[in-house]
Structures are given as structure tokens and as C-alpha cells.
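What follows is a short report on a single structure.
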Protein chains: 2
Amino acid sequence: MSQEHEAAGTIEDRLMQRFGTLTPTERLLAGHLTRNFPVAGLASMTYLAKEAGVSTPTVLRLVQKLGFRGYPEFQAQLRNEIEARLESPLSKHARWTDGVPQTHILNRFADAVLANLTRTLSRIDHADFDACAEMLADPKRRVLVTGGRITHALADYLVTQLGIVRPGVSALPSQSSAWPSALLEMRPGDVLIVFDIRRYERATLQLAEMAAERGAEVVLITDPWISPISAYARFRFAAQIEVPSAWDSSTALMVLIETLLAAVQELNWPQAQDRMTRLEALYERASMFRRGKG
Amino acid sequence: MSQEHEAAGTIEDRLMQRFGTLTPTERLLAGHLTRNFPVAGLASMTYLAKEAGVSTPTVLRLVQKLGFRGYPEFQAQLRNEIEARLESPLSKHARWTDGVPQTHILNRFADAVLANLTRTLSRIDHADFDACAEMLADPKRRVLVTGGRITHALADYLVTQLGIVRPGVSALPSQSSAWPSALLEMRPGDVLIVFDIRRYERATLQLAEMAAERGAEVVLITDPWISPISAYARFRFAAQIEVPSAWDSSTALMVLIETLLAAVQELNWPQAQDRMTRLEALYERASMFRRGKG
DNA sequence: CACACTCTGAAAAATAATTGACAGACTCGC
DNA sequence: GCGAGTCTGTCAATTATTTTTCAGAGTGTG
């Protein structure tokens, strides 16, 4: 069903719906607005314009594109929405999808994921975390990543993103028959990142063992039951993975990955930035891009 | 810092605290303010005065008794409080890793991710969501999945997991040169799931367009700025992706995927369960074949 | 009942915000 | 390259809002 919600809808909806039709500067503003929603819109137009880095007429034009006659009308609507939001049971999950019973899969799942995340994050030993990030930021070490049946997609993601920030990152081949030759190339001080959850695979364990023997630093990303690889790991991070389904959630793993990535990126920002701009240029040249800002 | 703000605390607290020292008309105003807190305070002083049935100087005097230099300062403080209140209760900072400054990347990132998640989940149109899950649960439709430079890992994850639950799921080849032949095989009613965020790629847009022309149902998973593919999509889901880093977070996308997976799995649980046990058995045999584990 | 005092709102003055008109900058198609 | 068209900020006019001033109304006291 459904693209008829055009005319009305909440301000947030309208912003998203019309984002495509906005001009570059207006997108700048729309971005700022959604990022700091809704409070940013409560300030005066002048202030909002300054914060977003645009001029006041741009603010006015955007607001008019959203269907309001003027800024005051926009603010009135915004206040109404805030009122509605604040009045609904604000303690619990009032922010999940309204109009759906609490037993709907959406709500049950959202609850579980949120709980997983808070637990996972609060369990991180920050000293370990910092040390691990520092190790991963060292460009002299090469980094190999491997995952299991389910987690290989996450390993892949990590390789892609970490590979943007620093050189020498690669994925281990997916067939374990090809691992020995990869191990042979490994130097002491190199890093092996292993994803290993539930159904721990024996081949992965052996891989970690051999890597550790060859002097590689093993980083283990696992579940709360802790893979046996832990024995060979210099760093280990456990993510909560249980959700109301027959399989395990990878969301907390994803957050772990991204948090590490953020830390590594922050640690050697100059190089990372340099790599990113160069990479960007290469991509730019390689394919035709839509115009527009990121 | 010399003088004011001796009375700290939230505006509501201050109102209560000083209620006793107020004059009759000021109490009228204070009552109105607490009854319609906090939205009443966001309007202009003139409007607020009229609503409360007092004059504008009275408003100003009350606000000054509360310790503010003027009405604008009062409103700024009010906005801050609203912002704090609108933040997810879960992102109350106390939960994150203690002993680390709030500015540590771990905390900043955790905050951002949590906010993204609540935003993303609360934004899902549940009717759309249900309809989409039902469509994906239909075993007669084949499902193709494709992603971009960064999102291909997510597409991969979706294929792996959805492929466990139902038959006929595959990833589109990664080179766009191989897409035409894949399109040729597509039948009306088949589903194309497209991940498309920021830097929207032109080739992906064309793919979606052609698929839609051939009668395929397009499901778009995108960012808040909404990929232009939206025009061809039967269903579209937007995930918040901004985090304190130079790249975009995929966590919210991951949650979207998993929530959909959970819904699909729930919809045809018997078949899914059957497939899962059979698959399990196959993996068991395969690993024994490789030299087994206990 | 006058006096001192406080409280209150009307109106004016000061300040800030909103909006429209315009012109330079930029992009795109040719 | 060049013109048509679009975008965007500067500026000024208009409008609204905040703040000050001040006089009258209310209150309680001696």
C-alpha cells in the first residue's frame, strides 16, 4: 500500500519523504534538523539557521516546502507533536511502533535487541577495548579476519570498513582447506580477528591455536558462553545474542565491530582521512555518481 | 560566574519550590505552566500570557523569579530539558561503561547507536512491515538481494539467514555486468531486496527500475534521506545511520533485517523449523565428513 | 481614612524575528 | 564557451516579541 501519506504526516515523516526533492543546502538543514530532532526546530529561525550553517531564507524555504505557511506555523505543529510524544506513556516503550500490541514481533524484537545492546556495551572492559583498538590501529601489523557460517558476513563487513581506515586488512579464505597457506604468511605481531559464536567450529579453533603459536595476536569476538578460542586470545569481547527467534541476533556483534572501528579511526585519524579521500577519489573516477553531498 | 542560577534544578522543580513565594496572579500562571508542561512554555510570551489569562509583564516577572535573565533564556533551558526527556530512557548515560569519561568513543558511539535504533524502530510503519513480511514469507516468490559497496555484507547476511528459513533466496552477482541475465530469470511476483544508502549508485537505481518493470516487487532498505529507488519500491524502510565517525553505521540496518527475518520466520514456522532441522543435519554430516567433533 | 506598600496590566520603547525582493554564483544543456 | 534556469545568501522592510516604564488598583495598618 501506501505512498499516499504525502500531504500530512509528522514533520519527521515529511522531512524524509521530501528529502529527495530538496536542494543541497536544504538537505544540509534537513540533516541537521533530523539529527537534532525535535529540539532544534524549537529555537528561532535565526538560531537554527546559524546552527545548521545556512541562511534564514533557506530555513523558510524548506519549511514552506514542508507545507507550512511560515516558520511560526511550523513551530506550532512541532509543539503539537512534542506534546503528543511526551504525553504517551513515556516511561517504557512508548517509542516503539504505536498501534501494535506489545506482543507484536516488532516490539518483542526491539526490546530484546535493546537489552542485548546495553548489556553488551556495559560489559566491555574499557582498558581491554582501548588496548585492542590501539593494536588494530598499528599499521605495521597486518590484520586477518575470519568468521563462521553465519558470522562471515560480519567478518566481511569488518574487512570492508577497517580496510578503508588502514592498510593490510584482508579476509581469510572461506574454505578452511586454504587456511594453512594463509597461516604460513602470517608474521609474529600480525592480528587474527575471529568471530565464533555458538556451534563453535572445530576448524576455527585449530586455526586460532595455530595462529597463536606462530606469534599472532588473536582477537576473539564471541557470545556470552565464550568460545574455547578464548584460551588463545589476547583480547576477547562477548556480545549478547539471544532474541525471540530460533536463531541468534548479530546486532550486538555489529555494534562491537563498529565501536572498535570508530576507536581505530579516531586513533589514527590523519592517515585514515588521507586514505578515505584517496579512496573516495578512486571510486569517483571508477563510476558515475549522483551529485550530492554526504 | 557571579550571580544568577543560584536555584538550579529543573524548571518544574523551581516552580514547585518557589510556588509559595509567588503572588496570586503569578500562581495562576505557574499553575497553567505546570498543567501544560512543558509545551506551554515553548510558545511566545505573548501567547503564553494570553493562555494563562495574565499579562506579559507577569510572565516576565515569574520567569525572573525562577532565576532567568529573560524569557529567551528561560526557553533555552526548557528546550534542554525537553531534549533530555525525549532521549530514550535507555540512553541514560549511567548505564554505559563506568570509569570512562563520557567523551570516550565507547560512550559517544553507544549513545548514537541507541538513539539510531530507537528512531529507526519507532519509525517503522507496522502495516507496511507486516505486509512486507508476509510477502517475503511466500515460498512461491523467489527472493533476490543486492547491496552496494558497504552494504553488500548486510545483503549477504540477509541471504544467509533468510535462506535458512525459506527456499529460493539468492544474492545478485556483485558485478553489475552480470545483472541483466539475472533480471531475465526474474518472474513477475518475485522480490528484489535492495540496500541503498547515501552515495546512491546509479547502477542500482537502474536495476531496481528494470526489475520493477518486469513485475518484480522491490523492497528498499535505505537511510533517512531515502534513495531515489523509492519510486519503484513497493516497500521502503529507512534506518538511521549517523554516528560520531567518518562513515555510516549499519547497526540500524542490521536490526531492520533481523526484525524482518523474525517476522518471516514466525509467519511460516512449521516449514522454517523443518528446513532448519534438515539443514542442521546436513551441516552435522558435513563436519563429520571433514573429521568430526564431539 | 489616609498612608505605605505591593501587585498588576496598559502602553511605549527596544530588540529580535520573519519574510520578500534581488543579484551573484552555480549548474546544466547545447 | 554561452545562455537559461536554478540555487542561495545579503539586505531591507515588515512584523512580532521582549522588556521597561508607569499609573492605578488593591490591601492592610495605625
Side-chain angles (χ1 to χ4, degrees), chain A residues 11 15 18-33 36 38-79 284 287-294, chain B residues 3-5 11 15 18-33 36 38-79 199-200 202 205 225 228:
Chain A
I11 289 179
L15 269 173
R18 316 220 166 161
F19 197 89
T21 74
L22 300 182
T23 68
T25 316
E26 285 169 347
R27 290 183 189 199
L28 216 62
L29 173 61
H32 174 83
L33 220 42
N36 306 63
V39 179
L42 293 173
S44 78
M45 192 166 79
T46 318
Y47 185 80
L48 171 60
K50 200 178 296 174
E51 286 289 300
V54 304
S55 67
T56 46
T58 301
V59 177
L60 187 63
R61 282 189 284 257
L62 175 64
V63 158
Q64 285 171 341
K65 278 194 182 173
L66 256 39
F68 300 100
R69 267 223 310 271
Y71 195 72
E73 194 178 305
F74 163 79
Q75 283 196 319
Q77 167 74 17
L78 197 58
R79 282 197 294 272
E284 196 84 16
S287 63
M288 303 211 299
F289 278 105
R290 270 175 59 83
R291 74 186 189 137
K293 195 235 131 147
Chain B
Q3 66 241 72
E4 63 259 77
H5 289 185
I11 290 179
L15 272 171
R18 314 219 164 164
F19 197 88
T21 74
L22 300 182
T23 68
T25 320
E26 285 170 350
R27 291 185 188 195
L28 217 62
L29 172 60
H32 174 83
L33 218 41
N36 306 64
V39 180
L42 294 173
S44 78
M45 192 165 78
T46 319
Y47 186 81
L48 170 59
K50 201 178 296 173
E51 285 290 298
V54 303
S55 67
T56 48
T58 303
V59 177
L60 190 63
R61 280 189 286 259
L62 174 63
V63 157
Q64 284 169 343
K65 278 193 182 172
L66 257 39
F68 300 101
R69 263 219 309 268
Y71 195 71
E73 193 178 307
F74 164 78
Q75 283 195 321
Q77 168 72 17
L78 196 58
R79 281 198 295 273
R199 305 304 152 78
Y200 311 118
R202 172 158 294 184
L205 176 60
W225 301 277

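Proteins come first, then strands; the chains are lettered A, B, ... in the order of their sequence lines, and each starts at number 1. Bear in mind the structure is a predicted one, so any value in this text is a computation, not a measurement.
Rounded to a whole Å, the CZ atom of B/R61 is 12 Å from the C1' atom of C/dA10. Going from atom CZ of A/F74 over to atom P of C/dT19 covers 12 Å, rounded to whole Å. Across the protein-nucleic acid pair, B/Q64 atom CD and D/dT20 atom C1' stand 10 Å apart, rounded to whole Å. The NZ atom of A/K65 sits 17 Å away from the P atom of C/dT19 (whole-angstrom rounding). Between the CG atom of B/L48 and the C1' atom of D/dT17 there is a distance of 13 Å, given to the nearest Å. Regarding A/L29, its CG atom lies at a distance of 10 Å from the P atom of D/dG9, rounded to whole Å. Rounded to an integer number of Å, the gap from CG of B/L60 to C1' of C/dA11 is 15 Å. Summarising the geometry, the separation between CD on B/Q75 and P on C/dA17 is reported as 11 Å, rounded to the nearest angstrom.
The nucleotide whose nearest atom lies closest to any side-chain atom of B/P57 is, among D/dC7, C/dG20, D/dT20, D/dT20. Across C/dT8, C/dT18, D/dT19, the shortest atom-to-atom separation from the side chain of A/Y71 is found for C/dT18. For B/M45, taking side-chain heavy atoms from C-beta onward, the closest of the listed nucleotides C/dT8, D/dT18, C/dT18 is D/dT18. With C/dT8, D/dC7, C/dG20 as the candidates, the nucleotide lying closest to the side chain of A/P24 is D/dC7. The side chain of B/S55 approaches C/dG9 more closely than any other nucleotide in the set C/dT19, D/dT19, C/dG9. Taking every side-chain heavy atom of B/T46 into account, D/dT17 is the closest of C/dT19, C/dG9, D/dT17.
Nearest heavy atoms, B/V59 versus B/A49: CG2-CB, 3.7 Å.
One finds no side-chain N or O of A/T58 lying less than 4.0 angstrom from the OP1 or OP2 phosphate oxygen of D/dT8. A close approach under 4.0 Å does occur between a side-chain nitrogen or oxygen of B/S44 and OP1 or OP2 of D/dT17.
Between the side chain of B/E26 and the backbone N or O of B/T58, no donor-acceptor pair lies under 3.5 Å. B/R27 places a side-chain N or O within donor-acceptor distance of the main-chain N or O of B/L22, the cut-off being under 3.5 Å.
Annotation: side chain of A/Y71 is not in contact with side chain of A/T56 (no heavy-atom distance under 4.5 Å). Residues B/R79 and B/L42 have side chains in contact (heavy-atom distance under 4.5 Å, counting atoms from C-beta outward).
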